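To keep things clear, I will list the structure first and then write my remarks on it.
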Amino acid sequence: NASIGALCSAADDIGVRSSMEDKTFAQMNISIDDGKADLHFFAVYDGHGGDGTSTRLQMNLSSLVAQQPDLCTDVEVAVTRAWHVMDWEMLKKYGSVLRDKRKSKTKSLMRTSRKMPNEDNHLSGATAAVVIIVQSKSKTTGSMAPPAVELVAAWAGDSRVVLSTKDGVAVELSKDHKASRPDEKKRVQAAGGSVDSKGRVGGDLAVSRAFGDIMHKGALDGDEFLELIGSIKEQDAFKLQSGPLICTPDILRRVVAPE
């Protein structure tokens, strides 16, 4: 994108896993605010327990962010709302699968390594690291040089956002949401969850924030939480973010000049 002097590329590595659970996304010039501005959206989604959650994020989160009416005026509120709605939509689908499985009693409800890859996508989760630029079309600098831009970094979990300066210095913009972090451990426990001696939520997840992961989201017992998911409307999606595991992002804004 010449107007902001931006180039983007992506690469991934499956590592030791038998199936790829991670997704990337990059799209520039997403028209927003009735064509008065553009959204540039870059993301990494680190899946676990299957690729269901990371795939849904890859396909839908950018559109949800772009649809927020206050994205140009209150970006932090808009992005947080979009993340809550995205999680609500997934939890509704996953809750429906869980209810069907409980009725049929043909499958285990817990994730196990003995199942086929992605067989339990309704139990999957994903951390996220997103960087967006909201660019008003009305602003011009009168110069041929790319203008300074504001990067908005949002993350949940241990996916990281790192800024590389012209001199090759790596500047960490994000801070991992680990259950072993004292403030995150306190929040998890206050919400009725547990963190074991290895720093894992419910003895399972090392991260304290993520999309999906329906088995760790509710402060209520399983049946009550499924009922709550079914009763929540879109405008109240934030009400699903009071349990041990949440997807609420931390957000950092930073103006970056071309030099």
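Here the structure is a predicted model, which means the values were calculated and not measured.
Here Asn29 contributes atom CG and Asp38 contributes atom CG; the two are 5.0 Å apart, rounded to the nearest 0.5 Å. Remark: Leu98 CG to Ile229 CD1 distance equals 8.0 Å, nearest 0.5 Å. Separation of atoms CZ (Arg200) and OG (Ser180) is listed at 10.0 Å; rounding is to 0.5 Å. Rounded to the nearest 0.5 angstrom, Leu151 CG and Ile132 CD1 are separated by 10.0 Å. How far CG of Leu245 is from OG of Ser208: 7.5 Å, rounded to the nearest 0.5 Å. The NE2 atom of His216 sits 12.0 Å away from the CZ atom of Phe225 when rounded to the nearest 0.5 Å.
Residues Glu150 and Val255 have side chains in contact (heavy-atom distance under 4.5 Å, counting atoms from C-beta outward). Residues Asn60 and Met86 have side chains in contact (heavy-atom distance under 4.5 Å, counting atoms from C-beta outward). In this structure, Asp250 and Ser174 have side chains that are not in contact, with every pair of non-hydrogen atoms separated by 4.5 Å or more. Using a 4.5 Å cut-off on side-chain heavy atoms (C-beta onward), Leu123 and Met215 make contact. Looking only at side-chain heavy atoms (C-beta outward), Ile32 and Cys72 come within less than 4.5 Å of each other. In this structure, the side chains of Lys36 and Ser136 stay at 4.5 Å or more apart for every pair of heavy atoms. For the pair Lys23 and Leu57, the minimum side-chain heavy-atom distance is 4.5 Å or more. Taking the side chain as every heavy atom from C-beta outward, His40 and Gln135 approach each other to under 4.5 Å.
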Check your understanding: Stepwise, does the side chain to side chain contact (heavy atoms under 4.5 Å, CB included) test hold for Val152 with Arg253?
Key -> CA-CA 5 Å; Val152 180; Arg253 301 169 69 170; 4.2 Å; yes
Next item on the list: Determine, step by step, whether Val169 and Ser164 satisfy the side chain to side chain contact (heavy atoms under 4.5 Å, CB included) criterion, reporting the C-alpha distance in whole Å, the side-chain angles of both residues, the deciding distance to 0.1 Å, and the verdict.
Entry: CA-CA 6 Å; Val169 178; Ser164 178; over 6 Å; no
Worksheet item: Would Phe238 and Trp88 count as a ring-ring contact (aromatic ring centres under 6.0 Å, His included) if you check the C-alpha gap in whole Å, the side-chain angles of each, and the deciding distance to 0.1 Å?
Response: CA-CA 8 Å; Phe238 67 92; Trp88 165 76; over 10 Å; no
Stepwise ring-ring contact (aromatic ring centres under 6.0 Å, His included) check, Phe25 with Tyr45 = CA-CA 8 Å; Phe25 181 91; Tyr45 306 121; 7.5 Å; no
Verdict with supporting geometry, Thr248 and His84, side chain to side chain contact (heavy atoms under 4.5 Å, CB included): CA-CA 7 Å; Thr248 302; His84 288 169; 2.8 Å; yes
_Please evaluate residues Leu71 and Leu39 with respect to the criterion side chain to side chain contact (heavy atoms under 4.5 Å, CB included), reporting the C-alpha separation (whole Å), side-chain torsions for both, the decisive distance (0.1 Å), and the verdict._
CA-CA 9 Å; Leu71 184 60; Leu39 170 67; 4.2 Å; yes
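Checked options Thr55, Asp51, Thr53; the residue passing with Asn121 is Asp51 (criterion: side chain to side chain donor-acceptor pair (under 3.5 Å)). The only option from Val79, Val77, Thr73 that meets the side chain to side chain contact (heavy atoms under 4.5 Å, CB included) definition with Val75 turns out to be Val79. Only one option out of Glu76, Gln68, Glu234 pairs with Arg81 in a side chain to side chain donor-acceptor pair (under 3.5 Å); it is Gln68. Looking at Gln241, Arg56, Lys92 one by one, the single match for side chain to side chain donor-acceptor pair (under 3.5 Å) with Asp87 turns out to be Gln241.
In plain terms, the two heavy atoms of Pro244 and Gly218 that are nearest each other are CD-O, 3.6 Å. Across all their heavy atoms, Trp83 and Cys247 have their closest contact at CE3-O, 3.4 Å. Across all non-hydrogen atoms, the minimal contact from Ala170 to Val162 is CB-CG1, 3.8 Å. When all heavy atoms of Met20 and Asp13 are compared, the pair lying nearest together is CE-O, 3.9 Å. Looking at every heavy atom in both residues, Gly95 comes nearest to Leu226 through CA-CD2, 3.7 Å. The shortest heavy-atom contact between Ser19 and Ile14 is C-CD1, 3.6 Å.
Linking Ile, Leu, Val, Met, Phe, Trp and Tyr residues whenever their side-chain heavy atoms come within less than 4.5 Å places Leu61 and Leu91 in a single cluster. Both Ile30 and Val130 are part of a single hydrophobic cluster, where members link through side-chain heavy atoms under 4.5 Å apart. The hydrophobic cluster containing Leu64 does not contain Val44, counting ILVMFWY residues as joined when their side-chain heavy atoms lie under 4.5 angstrom apart, directly or transitively. By the criterion of side-chain heavy atoms lying less than 4.5 angstrom apart, applied directly or through intervening Ile, Leu, Val, Met, Phe, Trp or Tyr residues, Val97 is not grouped with Leu228; the two fall into different hydrophobic clusters. Leu252 and Val256 end up in the same hydrophobic cluster when Ile, Leu, Val, Met, Phe, Trp and Tyr side chains are linked at under 4.5 Å.
In terms of modelled atom types and a separation under 3.5 Å, the side chain of Lys239 and the main chain of Ile232 share no donor-acceptor contact. In this structure a side-chain-to-backbone donor-acceptor pair under 3.5 Å is present from Gln58 to Thr24. Between the Ser54 side chain and the Glu21 main chain, a donor and an acceptor come within less than 3.5 Å of each other.
For CD of Gln235, the number of neighbouring non-hydrogen atoms (other residues, nucleotides, ligands) closer than 6.0 Å is greater than 12. The neighbour count for Arg160 CZ, taken as heavy atoms of other residues, nucleotides or ligands under 6.0 Å away, does not exceed 12.
Arg181 has a carboxylate O that lies under 4.0 Å from a charged side-chain N of Asp183, or vice versa, which qualifies the two as a salt bridge. Salt-bridge annotation for Arg209 and Asp158: absent, with no side-chain N of the basic residue lying under 4.0 Å from a carboxylate O of the acidic one.
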